[in-house]
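See below for the structure under consideration.
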Amino acid sequence: MKINRERPPHIAVADPYYMRDSQLQDGSRTRTKAVRYLQNFMLMYKESNTILLPVFPEDKYCTLIILDPKWSLAQYFDSSSTTTKKDYKRIRGVLDEAILGYSKNGGTFHKNGQHIRPDTKKPGFKHVIDFPCVKQPAGSIKEAFYVLHHLKGFVEDAEMMSLPPKMTYYVVFEGRVPGVYEEWEECKKQVHKFSGNCYKGYPTRHEAVAKWRAHQANKSKMKTFLVLSLLLTIVAAVFPVPASVEDSSGALSEDDRIQRMKDRITQLEKDLRSTYALAAIIKKKSEIAADVERYALTELHKATESLNSSLLSIANATGDLETLYPKVLLPANMIVDKLEKDSKAPEEKDTPQG
């Protein structure tokens, strides 16, 4: 999922590397590292409204904790459908130590947002263990999948709210219907839940249209380049330059040379039939630009001239021109003439929509 924006959304995802219950024992080095990491992470993203933290209670479960340090709030998204309570004692202790360090090192809180724990009289989180969320079916143990589901939901909601209000024109580069939109709701319809979407807001229509036209030009150039590369590859494969029919070593007998030339003629007939089919496909592909079709026609002219020259050499060597002309040379010229005629025919154009 690719989103272009001036600023990232007010959401951050913390690394769950240290958040395994077995690594959070009192006095352990990994617990100290976990506390320091979360403290620094909250300070680094103190402007964020939400921090997403996956944790592994008892090392066999997976839960998503939503942290809002400014309100000292920790909400536990536990997708388990069982009535068995998980043991969050160590994880809660790590979070409380982290927010204590956050408050001592310049972390900010909303007015009346700082929570003081009654047992220690120090800052800590308000832990909401049974926060309502999507639950697994009975008997399911795919807790990590549901954590990813909740993560995706939070990120999508943040993306929908990320564009600043001053942006009055929006360009959808990749979406259901790409283009320039004046209303955010219309833009949202094109990108919401569209895999691989790409869009951006601009303050003026002039800037939005300029970016859209530049994007279309780059896309057209890339498409033309790919089509030309494909056509050149096909032409080179269909019209290989035949090797000289003369054998300087003189090792081949006259009968062998004639048989080899006949085999080559048969292969050339097959190649011409393939080329005719390719020409029909190219003609039906309306999205290929006219200049690309003309370029392909020019290459076919060149390839046909080379083919005719090679076939005449074979004919002179074998003395079999009467057989070659109606079977190979004439069909080759007819193919090119037909392509040239079709390319000059007027094309129907779609009526532009307003």
Side-chain angles (χ1 to χ4, degrees), residues 3 5-59 61-78 86-131 133 144 147-148 150-165:
I3 305 296
R5 55 170 62 85
E6 299 298 330
R7 296 181 300 172
H10 295 294
I11 189 170
V13 181
D15 189 343
Y17 180 78
Y18 294 111
M19 302 310 296
R20 291 188 173 276
D21 199 65
S22 60
Q23 300 183 21
L24 303 179
Q25 299 176 7
D26 293 338
S28 65
R29 295 195 334 185
T30 51
R31 180 188 177 95
T32 303
K33 289 181 180 179
V35 172
R36 187 182 301 114
Y37 167 74
L38 290 176
Q39 171 190 312
N40 293 335
F41 190 87
M42 288 189 290
L43 289 170
M44 181 182 299
Y45 294 95
K46 61 183 178 182
E47 297 302 323
S48 299
N49 296 327
T50 304
I51 294 177
L52 309 179
L53 176 64
V55 299
F56 302 92
E58 303 177 38
D59 285 7
Y61 303 110
C62 189
T63 301
L64 180 64
I65 301 180
I66 313 302
L67 302 177
D68 188 346
K70 294 182 180 180
W71 288 104
S72 303
L73 184 61
Q75 299 168 319
Y76 292 64
F77 279 57
D78 182 3
K86 296 184 175 66
D87 184 5
Y88 294 110
K89 181 179 178 180
R90 291 177 179 173
I91 293 173
R92 291 177 61 173
V94 168
L95 292 177
D96 288 337
E97 289 184 38
I99 198 171
L100 176 60
Y102 168 82
S103 64
K104 290 181 178 179
N105 289 275
T108 59
F109 297 87
H110 288 301
K111 184 179 180 180
N112 301 324
Q114 188 175 33
H115 173 67
I116 303 300
R117 295 174 55 190
D119 54 343
T120 62
K121 307 301 180 182
K122 296 179 181 179
F125 276 106
K126 291 179 288 186
H127 299 271
V128 183
I129 304 296
D130 298 322
F131 193 85
C133 65
V147 167
L148 293 175
H150 292 135
L151 278 169
K152 181 174 180 291
F154 271 96
V155 172
E156 285 184 346
D157 290 343
E159 287 168 354
M160 292 298 103
M161 300 173 63
S162 63
L163 289 173

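What's counted below: heavy atoms across the whole structure, side chains too, no hydrogens, waters or symmetry copies. In this text, all values refer to a predicted model and were calculated from it rather than measured experimentally. Along the sequence shown, residues carry numbers from 1.
At most 12 heavy atoms of other shown residues, nucleotides or ligands fall within 6.0 angstrom of atom NZ in Lys104. Within a 6.0 Å radius of OH in Tyr45, no more than 12 heavy atoms belonging to other residues, nucleotides or ligands are found.
Here the rule is side chain to side chain donor-acceptor pair (under 3.5 Å) with Tyr76, and of Arg92, Lys86, His127 only His127 fits it. Of the candidates Gln23, Glu97, Gln25, Glu97 is the only one forming a side chain to side chain donor-acceptor pair (under 3.5 Å) with Arg31.
We find that Lys89 and Asp87 are not joined by a salt bridge, their nearest charged nitrogen and carboxylate oxygen being 4.0 Å or further apart.
Considering CD1 of Ile65 and CG of Leu52, their distance stands at 11.0 Å, rounded to 0.5 Å. With values rounded to the nearest 0.5 angstrom, Tyr61 atom OH is found 11.0 Å from Asp21 atom CG. Remark: Leu38 CG to Asp96 CG distance equals 11.5 Å, nearest 0.5 Å.
Ring orientation note: the planes of Phe109 and Tyr102 are nearly perpendicular, at an angle over 60° on the 30°/60° scale.
Put simply, the side chain of Thr30 never gets that close to the backbone of Leu24: no donor and acceptor are under 3.5 Å apart. Judged purely by atom type and a 3.5 angstrom limit, Tyr37 has no side-chain atom pairing as donor or acceptor with the backbone of Tyr17. Counting only distance, with no hydrogens or angles, the side chain of Thr32 and the backbone of Ser28 share a donor-acceptor pair below 3.5 Å.
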